[in-house]
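This structure is a prediction, so every number in the text was calculated from the model and none was measured.
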Amino acid sequence: MRNFGWLAACVSVVGLFALGLGDAEAQRQPPYYASISASEARMRTGPGRNYPASWFYRRADLPIRVIARYQDWRKIEDPDGTQGWMQVGLLSDTRTGMVVGVIAEMRSSPDFDAHVNYRAEPGVVGRISKCARGWCWFDVRGRAGYVEQSKLWGTDPGEQVQ
């Protein structure tokens, strides 16, 4: 009888990368923010395809918060507070945020006196980076600026993002 343990290990590693998981995501523990990578994604009531879909998303880059893990499924929360399960292959580690509340001014530097480059309405989604001291660099398809962290869903107050 042959020992196929090494084959199972190789299949597991290949499977992780095929699902879009890198080493960082495989080690992350909830809660953390991520985004939906697929242009169409189903949220389910439980961690498996046998569970009914509760929501159908058609918005790639929508920020989500991962709140639990089960095998290759993640329990997520969307910006409206809806919770459910998604396959990890539909998610990305890319940090995105959504403008909430009021129009967010996108400034040239992290300062209230800085020039306003653009304005983003509530519901606008963009990529988040460089969060520090209450400001985040927010990029909406090439139009970017510093936004007050409190006006974005997808980052916790005071959280530092690289």
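P63 is listed as a side-chain neighbour of P79, based on a closest heavy-atom distance under 4.5 Å. Side-chain contact between R127 and D61 is present, with heavy atoms from C-beta onward closer than 4.5 Å. Side-chain contact between M86 and I36 is present, with heavy atoms from C-beta onward closer than 4.5 Å. Proximity of E105 to F112: side-chain heavy atoms (C-beta onward) are nowhere separated by under 4.5 Å.
For the atom pair I64 CD1 and M98 CE, the distance stands at 12.0 Å (nearest 0.5 Å). The distance from atom CE of M106 to atom NZ of K151, rounded to the nearest 0.5 Å, is 12.5 Å. The line from OG of S37 to CG of L62 is 11.5 Å long, rounded to the nearest 0.5 Å. To the nearest 0.5 angstrom, R44 atom CZ is 12.5 Å from I76 atom CD1. Here the straight-line distance linking atom NE2 of H115 with atom CZ of R107 works out to 10.0 Å at 0.5 Å rounding. Atom OH of Y146 is separated from atom CZ of R133 by 8.5 Å, given to the nearest 0.5 angstrom.
Note: the hydrophobic cluster containing W153 does not contain V124 (ILVMFWY, side chain heavy atoms under 4.5 Å, direct or indirect links). Under the 4.5 Å side-chain heavy-atom criterion for grouping Ile, Leu, Val, Met, Phe, Trp and Tyr, W85 is not connected to V88 through any hydrophobic cluster. At a threshold of 4.5 Å between side-chain heavy atoms, the hydrophobic network of Ile, Leu, Val, Met, Phe, Trp and Tyr places V147 and Y118 in one connected group.
Across all non-hydrogen atoms, the minimal contact from S109 to A114 is OG-CB, 3.1 Å. Taking both residues in full, the closest heavy atoms of V66 and A34 are given as CG2-CB, 4.4 Å, listed atom of the first, atom of the second, then distance. Nearest heavy-atom pair across S39 and A60 is CA-CB, 4.1 Å. Minimum interatomic distance between N117 and G145 (heavy atoms only, all atoms of both residues): ND2-CA, 4.1 Å.
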Please tabulate, one pair per line, all N/O donor-acceptor pairs under 3.5 Å involving side-chain atoms of residues 46-57, not counting sequence neighbours.
unit_1 : atom_1 : unit_2 : atom_2 : d
R49    : NH2    : Q87    : OE1    : 3.2
S54    : OG     : M43    : O      : 3.3
Y57    : OH     : D78    : OD2    : 2.7

Give the table of side-chain donor-acceptor pairs shorter than 3.5 Å for residues 134-144, with sequence neighbours excluded, one pair per line with atom names and distance.
unit_1 : atom_1 : unit_2 : atom_2 : d
D139   : OD1    : R141   : N      : 3.3
D139   : OD1    : G142   : N      : 2.7

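With hydrogens and angles ignored, the 3.5 Å screen pairs no side-chain donor or acceptor of Q149 with any backbone N or O of C131.
Side-chain atoms of Y33 and D156 include a donor-acceptor pair closer than 3.5 Å.
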* **E121 vs V99, side-chain contact (heavy atoms from CB on, under 4.5 Å): CA-CA, chis, key distance, verdict** => CA-CA 7 Å; E121 293 186 1; V99 175; over 6 Å; no

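Residue-environment remark: CZ (R95) exceeds the threshold of 12 foreign heavy atoms within 6.0 Å.
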